[in-house]
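The structure under discussion appears below in the form of structure tokens.
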Amino acid sequence: MAEPEAQIEAPLDTVLLLMVEGINSLVNPIQDGSPINLFVRGILLSGQIIPDWQWFEEQANLNPGAPEAMIAEILKEKRDRVRHLRDRGPTDLTPEQHEEALAQPAFIHLKNCRVFMPQPVPSSGDLYWRGRLADISGWSYGQLIPST
């Protein structure tokens, strides 16, 4: 029996990772996120990056009573804890704290997202999308608007 082929995991795009880290570290919600186009497994997504905690907060506003509000609070606490750990410096941290301070985001969060595959998928543009950074094969600045 043939053995399954090993999956080669490509490294995350450093620039995209830094952009997501910076946006996730924001303290205040942003009205319009950074416009971006993402290429994910043959699908083109176009939207605005917002902080992870804001994405969950806005989901909670759309779905009252859903657990997203609690997740948003947990992410805010984590953001504040990481900021505090990074301010202390590596010599004052335990190995666990050092690892937490260096943790990288695994997901990107978009609002006002549109999906193109190969034709635009009908939507009002109000779609919220959350995806793994590891699944993104390419990206560009800007936001696509389908022609009418």
Side-chain angles (χ1 to χ4, degrees), residues 1-87 96-148:
M1 183 191 306
E3 294 199 24
E5 290 184 33
Q7 293 284 334
I8 299 173
E9 198 168 311
L12 296 179
D13 183 297
T14 305
V15 176
L16 183 60
L17 185 63
L18 289 171
M19 192 166 29
V20 171
E21 279 182 335
I23 290 171
N24 284 350
S25 70
L26 295 174
V27 175
N28 296 313
I30 50 178
Q31 185 64 28
D32 296 316
S34 297
I36 194 164
N37 302 300
L38 304 174
F39 301 94
V40 181
R41 298 182 183 208
I43 297 172
L44 172 62
L45 299 156
S46 187
Q48 301 167 344
I49 306 173
I50 59 173
D52 52 3
W53 57 267
Q54 181 179 339
W55 189 90
F56 282 100
E57 216 169 57
E58 292 184 16
Q59 291 295 302
N61 291 338
L62 293 172
N63 305 303
E68 284 86 353
M70 180 182 65
I71 296 169
E73 288 306 314
I74 291 169
L75 288 169
K76 286 180 189 178
E77 290 171 9
K78 179 182 176 190
R79 172 203 62 206
D80 294 342
R81 188 173 57 250
V82 167
R83 178 177 282 149
H84 175 71
L85 291 174
R86 288 180 178 172
D87 287 346
E96 293 82 16
Q97 290 172 326
H98 185 71
E99 187 174 320
E100 183 178 5
L102 296 178
Q104 297 176 333
F107 292 87
I108 186 170
H109 299 82
L110 304 181
K111 74 176 196 177
N112 300 327
C113 186
R114 294 187 185 272
V115 180
F116 300 85
M117 48 182 237
Q119 299 294 322
V121 174
S123 81
S124 63
D126 295 337
L127 178 68
Y128 285 80
W129 184 83
R130 178 178 195 256
R132 290 182 343 144
L133 285 165
D135 289 336
I136 297 170
S137 60
W139 63 276
S140 65
Y141 290 112
Q143 190 168 356
L144 300 175
I145 307 295
S147 59
T148 53

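Smallest separation of non-hydrogen atoms from Ile30 and Ile23: CD1-CG2, 4.4 Å. Of all heavy-atom pairs spanning Gly142 and Ser46, the tightest one is O-OG, 4.4 Å.
In this structure, the side chain of Trp53 engages the main chain of Leu26 through a donor-acceptor pair within 3.5 Å. Gln143 places a side-chain N or O within donor-acceptor distance of the main-chain N or O of Asn112, the cut-off being under 3.5 Å. Asn24 places a side-chain N or O within donor-acceptor distance of the main-chain N or O of Asp52, the cut-off being under 3.5 Å.
Taken to the nearest 0.5 Å, the CD atom of Glu21 stands 14.5 Å off from the CZ atom of Arg79. With rounding to the nearest 0.5 angstrom, the CG atom of Leu133 is 5.5 Å from the CD1 atom of Ile108. Leu45 contributes atom CG, which lies 12.5 Å from atom CZ of Arg114 (distance to the nearest 0.5 angstrom). One distance of note links CH2 of Trp139 with CG of Leu38; it measures 9.0 Å at 0.5 Å rounding. Residue Ile50 holds its CD1 atom at 11.0 Å from CG of Asp32, rounded to the nearest 0.5 Å. Lys78 contributes atom NZ, which lies 14.0 Å from atom CZ of Arg83 (distance to the nearest 0.5 angstrom).
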* To do: Start with the C-alpha gap between Asp13 and Ile136, add the side-chain angles, then the distance that decides, and say whether side-chain contact (heavy atoms from CB on, under 4.5 Å) holds.
  => CA-CA 9 Å; Asp13 183 297; Ile136 297 170; over 6 Å; no
* Take Tyr141 and Ile36, measure what side-chain contact (heavy atoms from CB on, under 4.5 Å) needs, and give me the verdict at the end. => CA-CA 5 Å; Tyr141 290 112; Ile36 194 164; 5.7 Å; no
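With contacts defined as side-chain heavy-atom distances shorter than 4.5 Å, the pair Met19/Ile49 qualifies. Using a 4.5 Å heavy-atom cutoff, the side chains of Trp55 and Lys111 are not in contact. Side-chain contact between Leu17 and Pro105 is present, with at least one heavy-atom pair separated by less than 4.5 Å.
For the residue pair Glu58 and Tyr128, a side-chain donor N or O sits within less than 3.5 Å of a side-chain acceptor on the partner.
In this view, Arg132 and Asp135 satisfy the salt bridge (Lys or Arg N to Asp or Glu O under 4.0 Å) rule, not counting sequence neighbours. Under the side-chain contact (heavy atoms from CB on, under 4.5 Å) criterion, Leu44 pairs with Asn37, Phe39, Phe116, Leu144, not counting sequence neighbours.
By the 6.0 Å contact criterion, NZ on Lys76 is enclosed, its count of non-hydrogen atoms from other residues, nucleotides or ligands being greater than 12. For CD of Glu99, the number of neighbouring non-hydrogen atoms (other residues, nucleotides, ligands) closer than 6.0 Å is 12 at most.
The aromatic rings of Phe107 and His109 sit tilted relative to each other, their planes meeting at an angle between 30° and 60°.
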